[in-house]
Amino acid sequence: MKYRHLLAASLFITSGSLFANQTDKRPLPYQNPKLSVDERVEDLIKRMTLEEKVYQMSALRLGEGDEIFETSGNYSMDDIRRKFGKHGVGYLSCPTTDMPAPKAVITGNQIQKIAVEETRLGIPVMIDAEAIHGCRATGATSYPQSIALSCTWNVDLMAQIADAIGKETHSRGINQVLSPTLDLARDPRHGRMEECYGEDPFLASRMGVEFIKGVQKNGVVCSPKHFLANFVTDGGRDSGNAGMSERELREIHMPPFRAAVKEAGVKSLMAAYNSVDGIPCSANRWLLTDVLRNEWGFDGFVVSDWSAVSHAYGHLRIAPTQLEAAALCAKAGMDVELPRIKSYVKLGEMVKQGKITKEEIDTNVRHILRVKFQMGLFEHPYVDEKLAEKLCDAPQFRNLAREAARQSIVLLKNEKNRLPLNGVRKLAVIGPNATVAQLGSYSARGVKGVSPLEGIKNIFGKQVEVSYAKGCGLTDNDTSGFADAVKCVQDADACVMVMGGANWTTGGETRDRNNLDLMGMQEKLILEIGKTGKPIIVVLVEGRPVTMTRWMDKADAIVMMFFAGEEGGNALAEILSGKVNPSGKLTVSYPRTVGDLPMCLLHRPYGREGNIVEYGQNTMPANRYFPLYPFGYGLSYTTYEYKNLRLENDKLTKDEDIHFSIDITNTGNMDGDEIVQVYLTDLYCRITQSEKQLKAFQRVRVPAGQTKTVSFTLPYSALSFLNERLQPEVEAGEFELLVGPDCMQGATQRFAVQL
């Protein structure tokens, strides 16, 4: 897909000194926008010294404890000039993250001006930031975390959010985001599961493509991460070796990245810390060149994860010196070293030693320059300094964050229709997460977040008397608050317990778990409150699934609120009150206990019968998929009936697509959104297949008492599997469709493929 630079000229302050380093003002070929990108790249490459090339492959880190920082919070432009010298630098690592919007864009323009007007060749820099669920910059809009966004199953909403993130990010002078995370949430013990779009490669692909397209159309390059299989090693441990077959890599872990390249036209990728079959991703030529470029046609640049070149030497020990490790990474196809000027700037020494050639470095630099030209960065290096403050957490963005939070919340249990909370005059709010707006990892500072308690007071208003007691902390063993919490509940008509976790406390980067229980005294507090006999609604504010078999029978209702962004508290209260009908559906399977892991819908069948002793004889289904809550699950305040599944043709020939429809009736008394899910089973295949594979979904609005007909078309390629040569193939035989509200129930129909 051709990358299009769609920003209006009015958004830029065009440099008046484009040719400042030339004596005659006539543009050189690389400065001529009328020439092709390739012509400009080749002209510039020929003019660059080796030093200028390796600095384009490097980044400068600005911030506390890094290369350039002043205690006042302002960067010294003289220090930056000295670092840039005449050679310049390719990238700036998150320089304006902790600055308010007006200051951030001014600072970015000042630094860009040094690069454009005071270096020998005037090559603009890429300024990066994080943006997994909103630009990670002071005061910027914070949307629900990725795992929460996936629970909306709403690709149109994802596109709107991505467009908003792109606009707000670009307004601050940031032109690259180290996002989205396209790893799969296949093991909830992993600390960064919250950054993923669920466990399924098809769903993650759909969400990832919309994110990339929406952000990049605003002139901001995406660098999806972490390529490849970084979150799924033994025990959910961070960055371990992924010792799995190429078949599993291609069928499960590559599809979101392949879609990013082939469908979204992504212009950058981040290589992962981990190894695949013993070969570090940072130095894996098969992964970064053979597959990514030669097979998929990727034409952007690859960046390292933070200090991954150093880790390849220090942790993975791929070479006797750090410079030799750097040469291996660059030769394999990792074009940029983040986040600091460290190893790549010394690659000239490796050229002298024959560890890497000038031609190989030229290849890396071509990837970088090509994207800078495609972006229009040479013509428009600056941004309008008036726009950033206007777009910072703008009302339309905040409204979008609230709608996303509403759609992301999942109702797991609702005994006796305890929710919505109608007829309640006194409501007790209990728990360590009640007064905190938990945003999750890679969140901006200075976000005006709404906590669950604030949201409840906002939405329920004066009609309900709301009282609060914390009860306990997230992780400590202090039970001194139990008595106050019990009294608070005894004086109320019902209780909302807001439990769960927090980034950098129970999860997040480098925060893996060895179990999934609520930490500290939280479970004991639920059991203690359960003795009051009052209706109890447990709200789980988390970034990963929670095991709950010890206490779930004490809860009348359970609500899963994955980190829901700045408007999460208001959205939660709207659902508790019935102003909004819950519609979110799980995108990860919930195990009963950590011993059930790995627990994912997409898995190969077992070769014989079996039982888990703790669950008793004949309780385990043949496919061993036995979750507490299955993939795709989520309740509503209404009910839906699926009927009349009909295929246009139940005998397909080669290359014939599958057309079918189904009627969805809202049989309850409340309007609602239903997420209609389509699963395919290849009933007989010579290479074992998962019993069910997600192939399509639609989010459909169905008014109470009405019926909607939902139509689908699956491409013929959806029937394929990877054969012995790892090539897609469709076999003649029988298939079965399941269309339903989750992966476990719905209407089914079989059809045949005749070749």
Side-chain angles (χ1 to χ4, degrees), residues 409 411-438 450-502 506 517-542 546-561 568-579 582 635 637:
I409 294 172
L411 180 61
L412 297 179
K413 179 181 178 181
N414 195 18
E415 294 291 331
K416 301 177 183 178
N417 293 320
R418 288 294 189 187
L419 290 177
L421 287 169
N422 296 321
V424 173
R425 293 188 176 183
K426 292 184 177 181
L427 181 63
V429 179
I430 307 295
N433 266 336
T435 58
V436 186
Q438 296 287 8
V450 179
S451 72
L453 181 60
E454 289 173 318
I456 288 170
K457 289 181 177 179
N458 291 340
I459 301 304
F460 282 85
K462 296 181 180 179
Q463 293 87 355
V464 176
E465 180 183 332
V466 178
S467 57
Y468 163 73
K470 183 176 181 179
C472 69
L474 285 174
T475 60
D476 60 58
N477 295 319
D478 185 5
T479 61
S480 62
F482 278 27
D484 286 343
V486 169
K487 185 177 186 308
C488 184
V489 175
Q490 287 173 334
D491 293 339
D493 300 320
C495 170
V496 174
M497 301 190 71
V498 191
M499 319 301 280
T506 66
D517 299 339
L518 289 170
M519 296 186 75
M521 294 290 105
Q522 292 188 67
E523 291 193 352
K524 289 187 177 181
L525 179 60
I526 294 173
L527 295 173
E528 194 69 21
I529 296 298
K531 296 176 184 178
T532 65
K534 297 297 179 74
I536 297 175
I537 291 87
V538 174
V539 177
L540 299 169
V541 180
E542 252 290 4
V546 170
T547 46
M548 57 186 84
T549 54
R550 285 196 293 269
W551 55 262
M552 64 184 298
D553 62 329
K554 303 300 181 185
D556 297 278
I558 301 174
V559 177
M560 187 70 218
M561 187 168 82
N570 284 329
L572 172 66
E574 288 176 322
I575 284 176
L576 297 178
S577 68
K579 292 181 183 296
L635 300 176
Y637 293 154

Who pairs with Asp517 by salt bridge (Lys or Arg N to Asp or Glu O under 4.0 Å), at least two apart in sequence or on another chain?
Arg550
Test item: Leu572 and Val496 side chains (from C-beta on) under 4.5 Å apart, heavy atoms:
no
Nearest heavy-atom approach of Gly578 to Tyr637 is CA-CE1, 4.2 Å
Using every non-hydrogen atom in the two residues, find where Ala573 and Gly455 come nearest and quote the distance to one decimal.
CB-O, 3.2 Å
From CA spacing to verdict: side chain to side chain contact (heavy atoms under 4.5 Å, CB included), Leu453, Val466
CA-CA 9 Å; Leu453 181 60; Val466 178; 3.9 Å; yes
Can you tell me which residue among Leu525, Val546, Val539, Leu474 is in a side chain to side chain contact (heavy atoms under 4.5 Å, CB included) with Met499?
Leu525
Across all chains, not counting sequence neighbours, the side chain to side chain donor-acceptor pair (under 3.5 Å) partners of Lys531 are Glu528
I'd like to check the side chain to side chain contact (heavy atoms under 4.5 Å, CB included) partners of Met519; sequence neighbours left out, ordered by chain and number.
Thr475, Thr506, Arg513
How long is the gap from CG on Asn417 to CG on Leu635, to the nearest 0.5 Å?
10.0 Å
Sorted by chain and residue number, the side chain to side chain donor-acceptor pair (under 3.5 Å) partners of Ser451 (sequence neighbours excluded) come out as Glu454
Hits for side chain to side chain contact (heavy atoms under 4.5 Å, CB included) against Thr532, two or more places apart or cross-chain, chain-then-number order -> Val486, Val489, Gln490, Ile529, Lys534
When rounded to the nearest 0.5 Å, the distance separating CD1 of Ile575 from CE of Met561 is 9.5 Å
Distance (rounded to the nearest 0.5 Å) between Ser577 OG and Asn422 CG:
8.5 Å
Kindly compute the distance separating CD1 (Ile537) from CG (Leu419), expressed to the nearest 0.5 Å.
5.0 Å
Are Phe460 and Val424 packed together at the side-chain level, in the sense that at least one heavy-atom pair is separated by less than 4.5 angstrom?
no
Would you indicate whether the side-chain heavy atoms of Met552 and Leu412 approach each other to under 4.5 Å?
no
Summary of side chain to side chain donor-acceptor pair (under 3.5 Å) pairs that have at least one residue in residues 455-474, sequence neighbours excluded
Asn458-Asn570
Show the nearest heavy-atom pair for residues Leu427 and Ala494, with the distance to one decimal.
CD1-O, 3.5 Å
Write out all pairs satisfying salt bridge (Lys or Arg N to Asp or Glu O under 4.0 Å) with one or both partners inside residues 473-493, taking only residues at least two apart or from two chains.
Lys487-Asp491
Rounded to the nearest 0.5 Å, what's the gap from CE on Met548 to CD1 on Ile558? Could you check?
5.0 Å
With sequence neighbours left out, the residues meeting salt bridge (Lys or Arg N to Asp or Glu O under 4.0 Å) with Glu542 are none
Are Cys488 and Ile430 packed together at the side-chain level, in the sense that at least one heavy-atom pair is separated by less than 4.5 angstrom?
yes
To the nearest 0.5 Å, what is the distance between CH2 (Trp551) and CG (Leu518)?
6.0 Å
Pairs satisfying salt bridge (Lys or Arg N to Asp or Glu O under 4.0 Å), at least one member in residues 418-437, at least two apart
Arg418-Asp556
Which residues pass the side chain to side chain donor-acceptor pair (under 3.5 Å) test with Gln438, sequence neighbours left out?
Asn433
